[in-house]
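Shown next, in C-alpha cells, is the structure this report addresses.
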Amino acid sequence: MNNRIDEARLVLLKTNDNEMEIDERLNEIRKVALNANDARLVWKELVNPTPGVKRMLIAGCGIRCFQQITGIDAIVYYSPMIFKSAGITGNSHLLGTTMAVGFTKTFVIVVAIVLIDRIGRKPLLYVSTIGMTLCTLSLGIAFSVLKNSSIGMESVVVFVCGNVGFFSIGIGPVCWVLSSEIFPLRLRSQASAIGVVGNRVISGIVAMSFLSIARRITMGGVFFLFAIISGFSVLFVHKCVPETKGKSLEQIETIFQSARRELEIEEQRLVMSKSKY
C-alpha cells in the first residue's frame, strides 16, 4: 500500500525460492492493496459467492466450527468436574489429572508444529478427528459401564488426555493454518473473520450448555454425543477439505474451482444417463 515493492520482494524471498511465483504473488498483493478500501466488493462476493468461493467458505468456516462443536473447550474447562464425576476425589488428585491434560495439550502442539509441513494438513486432520472420535466414544463407555471403578477412573484420565492430544495434533492448530491458505488475498480478512465468529460462538454455546446437558443425559451420554459429532468431522475432512501442503494460493484456488467443474460434469452424466431411460 506504501509502494515498497522491493522490500516486499525481499520478504517473499525468505519463504520462497521460485521468483516466478514471487512475481505472481506480488502482483496479486498489489491488486488487493489497490482495492483494500473497497470492502463492499468483498462482502458482495462473500454474500453471493461463486461455486469456488462457496466451497472455500464451507471448508474454512466448517473446519473452525467442527473444531469447537466436538467439545474440546468444554472438556478442558470442566476437566476437574469430569474427573470428579468419574470417581476421582481429593484436591491433589484432581489437580494432578488436570495438570496432565494441560501438559498433554502443550506437548502435542509442539509435535504438530514439527509435523504439519512434513506430512501435510489432511493426514493430521484424519489422525486428529478419528482419534477424537475413538476417545470420546471410549469416554462414553467408561462413564456408562465402568463408572466409579478403578479401571473406569484410569480410563477416563487416559481418554480425556488422549482426546486433548488428538485435538492438539490436528484440528486444533491445522484449522487456523488452513484458513490462512485456502482463501485468496482479496477475501482472506473478511472470510477468516466469519470463521472466527462461528468458532467462538460455538465454543461459548458448547461450554455453557455442557453441564446442563450432562445432567439431562448423563456424562456418558454427552461423550457419546461428542463421538457422533466427531465422526461427522471425519467425513467433513474427507469430503470438503483439500490438502494445501506445498501449494501456492493460485493452485489452491484452482483446486476449489476444478472440484466444482468435476461435480458439474458428474451431474451432466447423471442427467444424460436418466434421459436414455
Side-chain angles (χ1 to χ4, degrees), residues 58-88 94 97-98 100-102 104-105 108 124-149 151-176 178 195-241:
I58 290 171
C61 298
I63 197 68
R64 289 195 193 222
C65 292
F66 269 112
Q67 184 199 50
Q68 294 302 325
I69 204 170
T70 49
I72 186 63
D73 278 357
I75 292 171
V76 173
Y77 295 158
Y78 298 112
S79 54
M81 294 183 182
I82 293 170
F83 295 137
K84 199 170 184 178
S85 297
I88 299 172
L94 290 172
T97 51
T98 304
V101 172
T104 301
K105 188 173 185 180
V108 178
L124 288 181
L125 285 174
Y126 276 133
V127 170
S128 177
T129 51
I130 293 171
M132 289 171 67
T133 302
L134 294 175
C135 284
T136 47
L137 179 62
S138 300
L139 281 166
I141 294 170
F143 273 107
S144 301
V145 180
L146 305 172
K147 189 176 181 181
N148 293 325
S149 67
I151 289 182
M153 288 185 282
E154 292 170 1
S155 298
V156 167
V157 174
V158 169
F159 290 125
V160 166
C161 290
N163 184 72
V164 170
F166 280 116
F167 171 86
S168 300
I169 203 167
I171 199 169
V174 170
C175 86
W176 302 100
L178 276 172
V196 172
V197 170
N199 179 280
R200 292 295 85 202
V201 168
I202 291 175
S203 172
I205 292 171
V206 172
M208 288 189 290
S209 62
F210 178 79
L211 294 179
S212 300
I213 295 173
R215 293 190 192 101
R216 289 287 184 90
I217 65 173
T218 73
M219 193 67 75
V222 171
F223 284 111
F224 282 129
L225 180 60
F226 284 152
I228 293 170
I229 296 170
S230 294
F232 280 113
S233 72
V234 179
L235 295 175
F236 180 83
V237 169
H238 177 68
K239 287 287 187 181
C240 301
V241 180

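Atoms considered below: every heavy atom in the structure, side chains included; atoms not considered: hydrogens, waters and symmetry mates.
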Can you name the nearest heavy-atom pair linking Ala142 to Gly152, along with the distance? CB-O, 4.5 Å

For Ser203, what residues pass the side chain to side chain contact (heavy atoms under 4.5 Å, CB included) criterion, not counting sequence neighbours? Gln68, Asp73, Tyr77, Arg200

Within this structure, what is the CG-CD1 distance for the pair Leu124 and Ile171, rounded to the nearest 0.5 Å? 11.5 Å

How far apart are the C-alpha atoms of Ile75 and Phe167, what are their side-chain angles, what is the distance that settles it, and do they pass the side chain to side chain contact (heavy atoms under 4.5 Å, CB included) test? CA-CA 11 Å; Ile75 292 171; Phe167 171 86; over 6 Å; no

Qualifying salt bridge (Lys or Arg N to Asp or Glu O under 4.0 Å) pairs, either residue in residues 219-235, two or more places apart: none

All N/O donor-acceptor pairs, side-chain side in residues 232-241, below 3.5 Å, sequence neighbours left out:
unit_1	atom_1	unit_2	atom_2	d
Ser233	OG	Ser230	O	2.4
His238	ND1	Tyr126	OH	2.9

Taking only residues two or more places apart in sequence or in another chain, which ones pass side chain to side chain contact (heavy atoms under 4.5 Å, CB included) with Cys61? Leu57, Ile194

Determine whether Val157 and Ile88 make a side-chain contact, defined as any pair of heavy atoms from C-beta on separated by less than 4.5 Å. yes

Tightest non-hydrogen contact, residues Thr133 and Ala227, listed as CG2-O, 3.6 Å

Could you state the interatomic distance from CD1 (Ile217) to CG (Leu225), rounded to the nearest 0.5 Å? 5.5 Å

Could you list all the side chain to side chain donor-acceptor pair (under 3.5 Å) pairs where at least one residue sits in residues 214-226, not counting sequence neighbours? none

Please report the closest heavy-atom contact between Gly71 and Val206, naming both atoms and the distance. CA-CG1, 4.0 Å

Distance-only, no hydrogens or angles: does the Ser79 side chain make a donor-acceptor pair with backbone N or O of Val76 under 3.5 Å? yes

Enter the distance from Phe166:CZ to Met132:CE here, rounded to the nearest 0.5 Å. 10.0 Å

Determine whether Leu178 and Leu125 make a side-chain contact, defined as any pair of heavy atoms from C-beta on separated by less than 4.5 Å. yes

The complete set of ring pair (Phe, Tyr, Trp, His ring centres under 6.0 Å) pairs with one or both residues in residues 201-226, sequence neighbours excluded, reads Tyr78-Phe210, Phe143-Phe223

Which atom of Leu94 lies closest to which atom of Thr98, heavy atoms considered: O-OG1, 2.7 Å

Tell me which pairs pass salt bridge (Lys or Arg N to Asp or Glu O under 4.0 Å) where either residue lies in residues 153-163, with sequence neighbours left out. none

Using 0.5 Å steps for rounding, measure from the CE atom of Met208 to the CD1 atom of Ile213. 11.5 Å

Run the side chain to side chain contact (heavy atoms under 4.5 Å, CB included) test against Ala100 and tell me which residues pass, sequence neighbours left out. Cys161

Please report the closest heavy-atom contact between Phe66 and Ile229, naming both atoms and the distance. CE2-O, 3.9 Å

Would a 4.5 Å heavy-atom cut-off, applied to side chains only, mark Trp176 and Arg64 as touching? yes

Of all heavy-atom pairs between Gly172 and Gln67, which one has the smallest distance, and what is that distance? O-NE2, 2.8 Å

For Val145, give me all partners under side chain to side chain contact (heavy atoms under 4.5 Å, CB included), at least two apart in sequence or on another chain. Ile141

